[in-house]
Amino acid sequence: VALDGDGDRCIMVDADGQVVDGDEILYVIALARQRSKGLKGPVVGTQMSNLGLELALKAQGIALERAKVGDRYVLERLVEKGGNLGGESSGHILCLDRTTTGDGIVSALQVLGAMVDSGKSLRELLAGMQKCPQILINVPVKGAAADILKHANVSKAVASVEKRLGSEGRVLLRPSGTEPLIRVMVEGSDASLVSTSAEEIAAMVRASA
């Protein structure tokens, strides 16, 4: 179990040395809550939560709501929807039936508890979730990000990629809240298509900046 500097985020490593990120931790806790009938409302992730998490939860009859990136937005959506479990890919997990804010130790204990209760390894608990390939490209910009995102060529490139990916992928463009960047995220089932699509959109953002 690894915690960040102030202890509100948690990332884990399984017995095979594979990193288990916040999306996967959220999946394990969600299914454990479902088994104990303690899950309330939808699980809340963010715009950056992996599509594989959404699909895996859906297969178990659990809805995933997406909030803006940031734990405060996750908390707002949980309160709004009456939910008690949400989090980010970074490992910032909110278990509102256990605590009022993100706590890496609390998050880790929920996963360890699920392992003990089920008698399964962490990797076995993740058998129902397959993360989709996801590419994130940070594109430096000089102009106003909002204007660039509305540029006709950028919109056209996004529409083209979305059509290509169909229901098996997602595209997200968003300005950084701390740096002069536009973050281009593409995910889907085909790693090669995801990579080329992300580069295509990023190139158009650069040309329009």
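Below, all heavy atoms of this structure are taken into account, side chains as well, without hydrogens, waters or symmetry copies. A quick note: this is a predicted structure, and the numbers were derived from the prediction, not measured.
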Working for side-chain contact (heavy atoms from CB on, under 4.5 Å), residues Lys156 and Ser160: CA-CA 6 Å; Lys156 185 177 179 180; Ser160 175; 5.7 Å; no
Side-chain donor/acceptor of Asn50 to backbone N/O of Cys132, under 3.5 Å: yes
Qualifying salt bridge (charged side-chain N to carboxylate O under 4.0 Å, His left out) pairs with a residue from residues 114-133, counting only residues at least two apart or across chains: Asp14-Arg123, Asp21-Lys131
Check: Val111 and Val1 side chains under 4.5 Å, non-hydrogen atoms: no
Spacing of Leu172 atom CG and Thr46 atom OG1 [to the nearest 0.5 Å]: 8.5 Å
Side chain proximity check, Gln47 to Arg183, heavy atoms < 4.5 angstrom: no
Linked, directly or transitively: Val158 and Val139 (ILVMFWY side chains, under 4.5 Å): yes
Pairs touching residues 187-199 that satisfy salt bridge (charged side-chain N to carboxylate O under 4.0 Å, His left out), sequence neighbours left out: Arg170-Glu187
From Cys95 atom SG to Ile29 atom CD1, the distance as rounded to the nearest 0.5 Å: 4.5 Å
Lys/Arg N to Asp/Glu carboxylate O, Arg66 vs Glu54, below 4.0 Å: yes
Atom pair CD1 (Ile25) and CG (Leu53), whose distance is rounded to the nearest 0.5 Å: 11.5 Å
Taking every non-hydrogen atom, the tightest pair across Gly104 and Cys10: O-CB, 3.6 Å
Ile11 versus Gly22, closest heavy-atom pair with distance: CD1-N, 3.8 Å
Non-neighbouring partners of Arg77 that pass salt bridge (charged side-chain N to carboxylate O under 4.0 Å, His left out), sequence neighbours left out: Glu65, Glu80
Single-linkage hydrophobic cluster, 4.5 Å side-chain cutoff, Met115 and Val13 together: no
Side chain to side chain donor-acceptor pair (under 3.5 Å) involving Asn153 - partner list, sequence neighbours excluded: none
Side chain to side chain donor-acceptor pair (under 3.5 Å) partners for Ser36, two or more places apart: none
From Met48 atom CE to Met185 atom CE, the distance as rounded to the nearest 0.5 Å: 5.0 Å
Minimum heavy-atom distance between Val44 and Ala67, given as atom pair plus value: CG1-CB, 4.1 Å
Cluster check Leu55, Val171: I/L/V/M/F/W/Y, side chain < 4.5 angstrom: no
Set of residues satisfying side chain to side chain contact (heavy atoms under 4.5 Å, CB included) with respect to Pro175, sequence neighbours excluded: Ala145, Leu149
Smallest separation among heavy atoms of Val141 and Leu181, with atom names: CG2-N, 4.2 Å
Distance (rounded to the nearest 0.5 Å) between Leu125 CG and Ser118 OG: 4.0 Å
Listed partners of Glu168 passing salt bridge (charged side-chain N to carboxylate O under 4.0 Å, His left out), at least two apart: none
Evaluation steps, side-chain contact (heavy atoms from CB on, under 4.5 Å), between Leu165 and Val186: CA-CA 9 Å; Leu165 293 172; Val186 179; 3.8 Å; yes
Gln18, Met12, Met129 screened by side-chain contact (heavy atoms from CB on, under 4.5 Å) with Glu24, the one that passes: Met129
In one Ile/Leu/Val/Met/Phe/Trp/Tyr side-chain cluster, 4.5 Å: Val74, Val28: no
Partner of Ile93 by side-chain contact (heavy atoms from CB on, under 4.5 Å), out of Asp8, Val106, Leu85: Leu85
All side chain to side chain contact (heavy atoms under 4.5 Å, CB included) counterparts of Gln60, not counting sequence neighbours: Tyr27, Leu31, Gln34, Ile62
Value rounded to 0.5 Å, distance of CG in Leu126 from CG in Leu122: 5.0 Å
All side chain to side chain donor-acceptor pair (under 3.5 Å) counterparts of Gln110, not counting sequence neighbours: Arg33, Arg98
Shortest non-hydrogen contact from Leu78 toward Asn84: CD2-N, 4.0 Å
Any residue meeting side chain to side chain donor-acceptor pair (under 3.5 Å) with Ser90, in chain and number order, not counting sequence neighbours: Arg9
Pairs satisfying salt bridge (charged side-chain N to carboxylate O under 4.0 Å, His left out), at least one member in residues 146-155, at least two apart: none
Beyond-backbone contact of Leu75 with Thr100, side-chain heavy atoms, under 4.5 angstrom: no
Joint hydrophobic cluster, Leu51 plus Val20, side-chain heavy atoms closer than 4.5 Å: no
Side-chain heavy-atom pair Lys142, Pro180 within 4.5 angstrom cut-off: no
Considering all heavy atoms, the nearest Ala157-Ile201 contact: O-CG1, 4.2 Å
Partner set under side chain to side chain contact (heavy atoms under 4.5 Å, CB included) for Ile105, not counting sequence neighbours: Leu3, Asp103, Leu109
